[in-house]
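Notes for the one structure printed next.
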Amino acid sequence: MADISRRQFLRGDFRGSKAAPLRPPWARAEPAFRTACTRCSECLGACPQRIIVIDPERRPVVDFSRGECTFCGKCAEACAPRALERRAGAPAWRLKARIRNNCLARQNVVCRSCGDACPAQAIRFHPQPMAAALPEVDEAGCTGCGACFAPCPAKAISLA
Ligand code: SF4
Ligand code: SF4
Ligand code: SF4
């Protein structure tokens, strides 16, 4: 399952960790993806959100610090070798947002940035007595779109 930290991404440290690179939506399983992807970069230009970038091996990865995936499917449409293959009914990926302990609300600082950013309204805030409300991700509702990633002032969101 893909889960790369920003530090890992920036230093291109994909193979040194257990985490697989975060490929664009509808990517084949990593070994098949690596075989099929010709590194043509067509998916980068096709993405209207401009969230697809290249890793140090010149294969595409998603960078949620640049924005969210709208699941428009343009990247998969542009992928002639079908390393990205959109199939009817198949989810784009199994990513879910997770909130780490450095979340400001968990330090009793009022913050709802992630919830405000979530188009699926999948982050619920639970009121606490005399304390900041605590966010919780509804896994069933989370699409893994990444919209909550960049707005978090504490960088407390990960997608895995
Ligand atoms: S589905 Fe659309 S928004 Fe998402 S990565 Fe592909 S082109 Fe970009
Ligand atoms: S369009 Fe397909 S083959 Fe080309 S870089 Fe993107 S994933 Fe790889
Ligand atoms: S990844 Fe998208 S759907 Fe999931 S909690 Fe974040 S903003 Fe909401």
Side-chain angles (χ1 to χ4, degrees), residues 1-6 9 12 14 19-100 102-106 111-126 133-160:
M1 188 64 67
D3 180 14
I4 56 172
S5 69
R6 182 164 174 76
F9 177 82
F14 302 134
L22 177 46
R23 299 303 182 196
W26 301 285
R28 293 171 181 263
E30 183 64 15
F33 176 85
R34 292 175 72 87
T35 300
C37 176
T38 60
R39 311 183 208 196
C40 68
S41 293
E42 290 293 324
C43 51
L44 275 72
C47 177
Q49 300 293 99
R50 297 289 186 261
I51 60 171
I52 305 177
V53 298
I54 54 170
D55 70 12
E57 296 180 335
R58 304 199 61 76
R59 293 190 178 89
V61 287
V62 167
D63 179 3
F64 286 131
S65 70
R66 299 164 67 98
E68 76 212 68
C69 178
T70 61
F71 304 109
C72 67
K74 299 288 186 192
C75 52
E77 285 172 21
C79 182
R82 305 185 81 164
L84 311 175
E85 189 175 39
R86 191 176 192 179
R87 293 179 303 278
W93 45 38
R94 298 186 189 282
L95 291 178
K96 302 289 177 186
R98 309 211 188 287
I99 300 172
R100 294 190 285 243
N102 58 324
C103 163
L104 293 182
R106 292 184 188 175
C111 177
R112 290 179 180 250
S113 297
C114 56
D116 291 344
C118 177
Q121 299 184 322
I123 302 181
R124 302 201 179 114
F125 283 81
H126 300 284
L134 293 177
E136 182 185 32
V137 177
D138 169 18
E139 287 213 357
C142 175
T143 63
C145 71
C148 53
F149 181 87
C152 174
K155 298 280 177 262
I157 306 271
S158 64
L159 284 111

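One-based numbering, in listed order, for ligands and for the atoms of each. These numbers come from a predicted model, not from an experiment. The basis for the numbers below is simple: all heavy atoms, side chains too, and nothing from hydrogens, waters or symmetry mates.
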- Part of Cys75 within contact of ligand 2 (heavy atoms, under 4.0 Å): neither
- Note on the structure: At under 4.0 Å between heavy atoms, what of Pro81 touches ligand 2? The answer is side chain
- Strictly under 2.8 Å, is any N, O or S atom of Cys40 next to atom 8 (Fe) of ligand 2? no
- Message: Check for me whether Pro25 has a heavy atom closer than 4.0 Å to any atom of ligand 1.
- Response: yes
- Task: Under 4.0 Å, heavy atoms only, figure out whether ligand 3 is touched by the backbone of Ile123, its side chain, both or neither.
- Result: side chain
- So the atoms of ligand 2 within less than 4.0 Å of a heavy atom of Thr38 turn out to be 3 (S)
- Going by the 4.0 angstrom heavy-atom rule, the piece of Pro60 near ligand 2 is side chain
- Query: Using a heavy-atom cut-off of under 4.0 Å, does the side chain or the backbone of Leu84 touch ligand 2, or both, or neither?
  - Reply: side chain
- Query: To the nearest 0.1 Å, how far is atom 6 (Fe) of ligand 2 from its closest protein heavy atom, and which atom is that?
  - Reply: Cys43 SG, 2.4 Å
- Gly73 heavy atoms, cut-off 4.0 Å: which ligand 1 atoms fall inside? 1 (S), 2 (Fe)
- Message: Any N/O/S atom, side chain or main chain, of Cys148 closer to atom 6 (Fe) of ligand 3 than 2.8 Å?
- Response: yes
- Task: Measure the NZ-CD distance between Lys74 and Glu42 for me, rounded to the nearest 0.5 Å.
- Result: 14.0 Å
- Query: Which ligand 1 atoms, with their elements, are less than 4.0 angstrom from a heavy-atom of Gln49?
  - Reply: 3 (S)
- Element-labelled atoms of ligand 1 that are located less than 4.0 Å from some non-hydrogen atom of Lys74: 7 (S)
